[in-house]
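Heads up, the thing below is written out as structure tokens.
If you're wondering where the values come from, they're calculated on a predicted model, not measured in any experiment.
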There are 4 protein chains.
Amino acid sequence: MTTNMSSGRLQDFINRIEKVEDELSGIKNDRKDIYLELKGEGYDVKTVRKIVRLRKIDALTRQQEEELLDLYKAQVGL
Amino acid sequence: MTTNMSSGRLQDFINRIEKVEDELSGIKNDRKDIYLELKGEGYDVKTVRKIVRLRKIDALTRQQEEELLDLYKAQVGL
Amino acid sequence: MTTNMSSGRLQDFINRIEKVEDELSGIKNDRKDIYLELKGEGYDVKTVRKIVRLRKIDALTRQQEEELLDLYKAQVGL
Amino acid sequence: MTTNMSSGRLQDFINRIEKVEDELSGIKNDRKDIYLELKGEGYDVKTVRKIVRLRKIDALTRQQEEELLDLYKAQVGL
DNA sequence: ACAGAAATAAAAATGC
DNA sequence: GCATTTTTATTTCTGT
């Protein structure tokens, strides 16, 4: 008898998901380590977090501005 | 016998929540109407939505900048 | 020549949208406060949320039943 | 004169953080793609998410049991 | 350790 | 119905 193909397929998907989730937690640990390291050098973690957040918002702003520009261009037939 | 005070209390809370949720859907309808209205005057809804979003992000940026400044000030003892 | 009416018009729309969005966040804060308040009296927030949701579904069901009734009534000439 | 070392140091930390955050979003996209793929094959995303979560809890439980076993073993000199 | 705040993940709702 | 946005739930982090 052959194995049930459907369930093997699902199993595959779950394996792949769990693999990427392992990678995710590894990288999250890396980030945590960086914060610990800079804290160890006397930097204020809360402040650095806020700087990172602010830079992220700035990037988002730029992206949204570009999208708006694209909309305008589309409206004038460019 | 008096009524169960606890359950009456919970009932009160739920009434208050449902009241504000009614207000919420009313205001969401108002917003929807405004978009319909401007669409009726030939404006592109998608574009206007993006402008509103962009302005919101800008406001957020300013707020985050102020918070960062506050952190800096606190760090130099202001 | 007068100022460009279109852009003033758009500005008006955006002002109105932002006004209703401010109202939205105000009312959301009210709701949040109610949840904080009932939490402070020992109620479980998550559970109360579920109750509110269930009651909403019930209300919806009742409304649908009434609409169906109206439909049938119309079909039999009531 | 050389550049201010402190600020360069902070800049380094921020660069490293942003680098790992980029990696994070890349991998999150990978995960999203897997869910899209399994959805495309007819699986229910929400249910698969639940399974993944359950397996995570199971793994945690097993790990805790092993740790407890190790503790007992140490206590009896194994 | 625990309360409150912030980040992330998941679910639900909305618009096209 | 599909995809994007919004809301809710869970998890993580930080300061007391």
Side-chain angles (χ1 to χ4, degrees), chain A residues 17-18 20-21 23-25 27-36 38-39 43-54 56-57 60 63-64 67 71, chain B residues 17 20-21 24-25 27-29 31-36 38-39 44-50 52-54 56-57 60 63-64 67-68 70-71 74-75, chain C residues 17 20-21 24-25 27-29 31-36 39-40 42 44-54 56-57 60, chain D residues 17 20-21 23-25 27-37 39-40 42 44-54 56-57 60:
Chain A
I17 291 165
E18 291 182 340
V20 301
E21 300 217 327
E23 293 173 20
L24 279 177
S25 33
I27 295 176
K28 282 180 188 172
N29 277 334
D30 292 345
R31 180 176 53 182
K32 192 183 299 179
D33 288 344
I34 298 174
Y35 277 111
L36 286 176
L38 63 85
K39 181 179 184 176
Y43 290 103
D44 180 65
V45 170
K46 192 173 171 186
T47 301
V48 178
R49 275 188 199 281
K50 193 162 283 295
I51 292 170
V52 170
R53 210 182 313 150
L54 193 50
K56 216 177 287 182
I57 292 173
L60 187 62
Q63 183 198 329
Q64 298 282 322
E67 287 176 16
L71 276 178
Chain B
I17 291 166
V20 301
E21 300 217 326
L24 278 178
S25 33
I27 295 177
K28 280 182 188 171
N29 277 333
R31 180 176 53 183
K32 190 183 300 177
D33 288 344
I34 298 173
Y35 277 112
L36 285 175
L38 63 85
K39 181 178 184 176
D44 180 64
V45 169
K46 193 174 170 184
T47 300
V48 178
R49 275 187 201 282
K50 194 163 282 294
V52 171
R53 208 181 315 151
L54 195 48
K56 215 178 287 183
I57 292 173
L60 187 62
Q63 183 198 329
Q64 298 283 321
E67 287 176 15
L68 185 58
D70 287 344
L71 276 178
Q75 285 169 26
Chain C
I17 291 166
V20 301
E21 300 212 330
L24 279 177
S25 30
I27 296 178
K28 281 180 192 170
N29 276 334
R31 180 175 54 181
K32 189 185 300 177
D33 288 343
I34 298 174
Y35 277 112
L36 284 177
K39 178 183 183 177
D44 181 68
V45 169
K46 193 175 162 186
T47 304
V48 178
R49 274 187 202 280
K50 275 184 186 153
I51 290 172
V52 171
R53 212 186 313 150
L54 285 175
K56 213 178 289 183
I57 294 170
L60 191 63
Chain D
I17 291 166
V20 300
E21 300 214 329
E23 292 173 19
L24 280 178
S25 29
I27 295 177
K28 281 179 192 170
N29 276 334
D30 292 346
R31 180 176 51 183
K32 188 183 301 177
D33 288 343
I34 298 175
Y35 277 112
L36 284 176
E37 190 182 343
K39 178 181 183 178
D44 180 67
V45 169
K46 194 174 160 183
T47 304
V48 177
R49 276 186 202 282
K50 276 184 185 154
I51 290 173
V52 171
R53 211 186 315 150
L54 285 174
K56 214 177 288 183
I57 293 171
L60 190 62

With sequence neighbours excluded, residues passing salt bridge (charged side-chain N to carboxylate O under 4.0 Å, His left out) with D/Lys56:
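Only A/Glu21 meet the salt bridge (charged side-chain N to carboxylate O under 4.0 Å, His left out) criterion with D/Lys56.
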Pairing residues for D/Lys39 by the side-chain contact (heavy atoms from CB on, under 4.5 Å) criterion, not counting sequence neighbours:
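Scan of D/Lys39 (side-chain contact (heavy atoms from CB on, under 4.5 Å), adjacent residues dropped) gives D/Val45.
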Please list, chain by chain and in numerical order, all residues satisfying side-chain contact (heavy atoms from CB on, under 4.5 Å) with C/Lys28, sequence neighbours excluded.
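Partners of C/Lys28 by the side-chain contact (heavy atoms from CB on, under 4.5 Å) criterion, ordered by chain and then number, come out as B/Leu24, C/Arg31.
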Rounded at 0.5 Å granularity, tell me how far CD in A/Gln64 sits from CD1 in A/Ile57.
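Here the rounded value is 12.0 Å.
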Let me confirm one number: the CG-CD1 distance from A/Asp33 to A/Ile27, rounded to the nearest 0.5 Å.
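A/Asp33 atom CG to A/Ile27 atom CD1 measures 12.5 Å (nearest 0.5 Å).
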Applying side chain to side chain donor-acceptor pair (under 3.5 Å), can you list everything that pairs with B/Gln75, at least two apart in sequence or on another chain?
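Partners of B/Gln75 under the side chain to side chain donor-acceptor pair (under 3.5 Å) test: A/Asp44, A/Thr47.
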Using side chain to side chain donor-acceptor pair (under 3.5 Å) as the criterion, list what pairs up with A/Glu67, not counting sequence neighbours.
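Side chain to side chain donor-acceptor pair (under 3.5 Å) list for A/Glu67, sorted by chain: A/Gln63, B/Lys50.
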Can you pull out how bent the helix from E/dA1-F/dT16 to E/dC16-F/dG1 is, comparing the axes over its first five and last five pairs, to 10°?
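The value is 0°.
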If a protein heavy atom is under 4.0 Å from the base, mark B; if only from the sugar-phosphate, S; if neither, -; do that for nucleotides 5-11 of chain E going 5' to 3'.
-SSSSSS
Tell me the closest heavy-atom pair linking A/Ile17 and D/Val48, and the distance in Å.
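Shortest heavy-atom separation between A/Ile17 and D/Val48 comes out as CD1-CG1, 4.2 Å.
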Atom pair distance, as rounded to whole Å: [atom1] in [X] and [atom2] in [N]:
X	N	atom1	atom2	result
C/Ile27	F/dT6	CD1	P	17 Å
B/Leu36	E/dC16	CG	P	9 Å
C/Lys39	F/dT8	NZ	P	16 Å
B/Asp33	E/dT14	CG	P	14 Å

